[in-house]
Structure formats: C-alpha cells, structure tokens
Amino acid sequence: MKVFDTPGFPNPLRVRIALAEKGLFEQVEFIRVDLPGAEHKQPAFLAINPLGTVPVLQLDDGTYISECTAITEYLDNQYGEPQLTGRTPKEKAIVHMMHKRAESELADPVGIYFHHSTPGLGAGLQPYKSPEWAGRVEWGNRQRDKAVAGMHYFDRVLREQPYVAGEQFSMADITVFAGLLFAGFASVAIPQECTALLAWQTKVAQRPSVKRVS
Ligand code: GTS
C-alpha cells in the first residue's frame with residue numbers, strides 16, 4: 001500500500017493514526033505531496049484524486065481511495081482488529097453519526113476558516129481559494145465560530161462518556177483530534193471551559209498510535 005499525503009497535516013494525520021492503531025503503519029510507503037506548492041492541484045495529482053486533496057491510499061492493485069472515512073473503513077474491513085468503525089450494526093451507526101458530526105461541526109469548518117479567512121498555506125494556494133469572492137473572509141469567520149460551537153458540543157458529549165462515540169476509541173475520536181490540531185494551526189483556541197474536551201485531548205495524545213505518527 002502507498003499513501004500520498006503531507007506529514008504533519010491534519011487530514012493525513014487521520015489516516016496515519018488509523019494505520020498506527022491497526023499496526024499497519026510500517027507496511028505503508030508514504031509519498032510526500034507538496035501542498036504549499038499546490039502539487040495537489042496539478043494534473044498528475046488530479047488524475048489520482050480529482051478533488052485535489054490528501055490523503056489518498058493506493059492499493060497494491062493500483063486502486064486509488066481518497067476521503068479519510070473511506071480509507072479508514074477500508075482498513076477496518078480489510079485488516080480487522082482493533083475496529084475503528086464499530087462492530088455491531090448499532091455501534092457502526094453511532095460511530096458513523098459521531099464521525100459525520102466531527103467532520104461537519106469541527107474539522108471541515110476549521111479547514112474552511114484556515115484556507116479562506118487566513119493566508120492559509122501561503123500564496124501558492126490562494127489562486128485555488130476563490131480570491132474573486134469578496135464574502136469569503138466573512139464566510140470563513142462564520143465557519144470558525146461554527147467550529148468553536150462544535151468544540152462546546154463535543155465537550156458536552158465527553159462529559160458523559162470516555163470517547164466521542166461511546167466506550168471505545170473510534171475514527172470519530174481520530175477526526176475530532178485532527179480537527180483540534182487543525183484548530184491549533186489556525187489559532188482557534190479550545191475554550192478553557194471545555195474541560196472534558198481538553199482532558200480527552202490530553203488522553204488521546206498519549207495513545208501509542210498518536211505518539212508514533214506525531
Ligand atoms: N474530506 C477529505 C478527506 O476526508 O480526506 C478532506 C481532505 C482535505 O481537505 N485535505 C487537505 C487538503 O488536501 C489537507 S489538510 O491540510 O486539511 O490536512 N487540502 C487541499 C486544499 O487545497 O484545500
């Protein structure tokens with residue numbers, strides 16, 4: 001297997017943690033993509049992922065799989081324990097639900113804020129970020145506020161249970177963790193009153209998988 005990604009970036013981190021959780025990290029060849037240089041927007045990369053995002057998994061038969069959710073589900077289905085996407089139909093549904101919320105209420109809004117309301121990854125990428133649209137900064141700022149509301153939501157969740165989707169660590173935890181990392185990049189602080197979220201972040205940072213890939 002190969003993974004096209006950029007080390008240290010939030011979405012690549014999601015797949016790297018999943019690989020490490022499943023003991024697969026050492027079996028993967030990582031191909032570095034130059035994000036600030038906009039390599040992912042050039043024809044050669046768009047041929048493997050038309051959406052121009054990393055990470056992308058390439059299977060040994062040549063198949064390309066993008067989207068962290070799809071990649072994590074593939075790894076879970078193909079390689080078994082530990083399961084990151086749930087075991088029973090009910091667990092799978094709850095992990096899926098919470099994972100969707102982790103993306104829509106935290107990780108994605110932070111990404112929009114970072115790329116559209118701040119200099120983001122620099123001048124090389126700005127031509128791909130709707131520079132002609134005057135409203136993009138205000139729109140991005142609203143996404144930042146949405147992400148902070150998402151932090152409060154996950155704080156409430158984590159006051160009731162040890163992990164985002166319940167009793168077990170799952171891909172929903174990975175995505176919230178990566179979303180908070182992204183928030184740190186973008187200087188969006190976790191509110192100090194979100195004590196359960198902050199404690200959970202410290203706990204997840206201690207996992208061997210997270211330490212392995214950080
Ligand atoms: N939904 C995608 C997934 O789950 O893989 C999101 C992937 C994504 O947005 N990746 C970012 C990217 O390639 C990398 S990261 O900086 O967010 O980690 N962005 C390219 C761009 O130009 O926005």
Side-chain angles (χ1 to χ4, degrees), residues 1-21 28 30-59 63-77 84-85 95-133 136-137 139-140 143-144 146-147 150 164 170-188 210 213-214:
M1 285 188 288
K2 294 179 184 169
V3 170
F4 295 77
D5 77 356
T6 313
F9 281 67
N11 282 287
L13 183 75
R14 292 165 65 185
V15 165
R16 286 175 176 242
I17 294 174
L19 286 164
E21 284 283 335
V28 172
F30 290 94
I31 314 285
R32 191 187 190 105
V33 180
D34 176 10
L35 247 60
E39 184 184 351
H40 56 305
K41 303 302 183 193
Q42 307 311 314
F45 189 85
L46 295 175
I48 69 171
N49 178 9
L51 300 192
T53 61
V54 292
V56 176
L57 173 70
Q58 184 180 22
L59 306 184
T63 305
Y64 292 112
I65 302 176
S66 61
E67 297 300 324
C68 295
T69 313
I71 296 169
T72 308
E73 286 178 346
Y74 171 79
L75 296 174
D76 246 15
N77 292 330
L84 298 169
T85 58
V95 168
H96 194 110
M97 173 180 76
M98 296 307 290
H99 184 257
K100 180 67 184 167
R101 290 178 188 171
E103 288 189 324
S104 68
E105 307 306 306
L106 179 59
D108 291 348
V110 168
I112 292 169
Y113 167 68
F114 178 70
H115 286 297
H116 295 272
S117 292
T118 79
L121 293 176
L125 271 183
Q126 288 308 312
Y128 302 93
K129 306 296 176 186
S130 310
E132 74 290 351
W133 182 35
R136 73 174 184 150
V137 172
W139 176 63
Q143 296 298 311
R144 175 200 56 206
K146 179 179 181 180
V164 171
S170 74
M171 74 169 171
D173 293 280
I174 295 175
T175 298
V176 172
F177 188 80
L180 295 179
L181 179 87
F182 209 166
F185 277 7
S187 301
V188 180
V210 176
V213 305
S214 297

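One-based numbering, in listed order, for ligands and for the atoms of each. All heavy atoms count here, side chains included; hydrogens, waters and symmetry mates do not.
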S.K.: What is the nearest protein non-hydrogen atom to atom 1 (N) of ligand 1, stated with its residue, atom name and distance?
M.R.: Glu67 OE1, 2.7 Å
S.K.: Is Glu39 reaching over with its side chain to a backbone N or O of Asp34, donor-acceptor style, under 3.5 angstrom?
M.R.: yes
S.K.: Using distance alone, determine whether Phe9 and ligand 1 share an N or O pair under 3.5 Å.
M.R.: no
S.K.: Are the side chain of Thr63 and the backbone N or O of Leu59 linked by a donor-acceptor pair below 3.5 Å?
M.R.: no
S.K.: Which residue from Asn11, Val110, Leu181 reaches closest to atom 6 (C) of ligand 1 through any of its heavy atoms?
M.R.: Asn11
S.K.: Using a strict cut-off of 4.0 Å, indicate which atoms of ligand 1 neighbour a heavy atom of Phe182.
M.R.: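 Those qualifying, in numeric order: 17 (O).
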S.K.: Does any N or O of ligand 1 fall below 3.5 Å from an N or O anywhere on Val54, backbone included?
M.R.: yes
S.K.: Donor-acceptor pair, Asn77 side chain versus Glu73 backbone, under 3.5 Å?
M.R.: yes
S.K.: Once rounded to the nearest 0.5 Å, what's the spacing between atom OG1 of Thr6 and atom CD1 of Ile31?
M.R.: 12.0 Å
S.K.: Out of all atoms in ligand 1, which are within 4.0 Å of some heavy atom of Cys68? Include the element for each.
M.R.: 3 (C), 4 (O), 5 (O)
S.K.: I need the atoms of ligand 1 closer than 4.0 Å to a non-hydrogen atom of Lys41, numbered in the order shown.
M.R.: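 Reading through ligand 1 atom by atom, the close ones are 21 (C), 22 (O).
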S.K.: Between the main-chain N or O of Leu125 and the side-chain N or O of Lys41, is there a donor-acceptor pair closer than 3.5 Å?
M.R.: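 It does not hold such a pair.
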S.K.: Between ligand 1 and Pro10, can you find any atom pair, the residue atom being a heavy atom, that is separated by under 4.0 Å?
M.R.: yes
S.K.: Looking only at heavy atoms of Pro12, does any of them come nearer than 4.0 Å to an atom of ligand 1?
M.R.: yes
S.K.: Does the cation-pi check pass for Arg16 over Phe30, that is, NZ or CZ under 6.0 Å from the six-membered ring centre and within 45° of its axis?
M.R.: yes
S.K.: Please report whether ligand 1 has a polar contact with Thr53, defined as an N or O pair separated by less than 3.5 Å (distance criterion only).
M.R.: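 Between Thr53 and ligand 1, no N or O pair is found under 3.5 Å apart.
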S.K.: Count the heavy atoms of every other residue, nucleotide or ligand shown that sit under 6.0 Å from NZ of Lys146, and state whether that count exceeds 12.
M.R.: yes
S.K.: Check for a donor-acceptor pair, side chain of Thr53 on one end and backbone N or O of Asn49 on the other, with a separation under 3.5 Å.
M.R.: no
S.K.: In terms of atom number and element, which parts of ligand 1 are under 4.0 angstrom from non-hydrogen atoms of Arg14?
M.R.: 4 (O)
S.K.: Any nitrogen or oxygen of Pro55, main chain or side chain, under 3.5 Å from a nitrogen or oxygen of ligand 1?
M.R.: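 No, Pro55 has no N/O under 3.5 Å of an N/O on ligand 1.
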S.K.: Of the protein's non-hydrogen atoms, which lies at the shortest distance from atom 23 (O) of ligand 1, and what is that distance?
M.R.: Lys129 NZ, 2.6 Å
S.K.: A side-chain contact here means heavy atoms from C-beta on lying under 4.5 Å apart; do Leu106 and Phe182 qualify?
M.R.: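 SC-SC contact between Leu106 and Phe182 ruled out.
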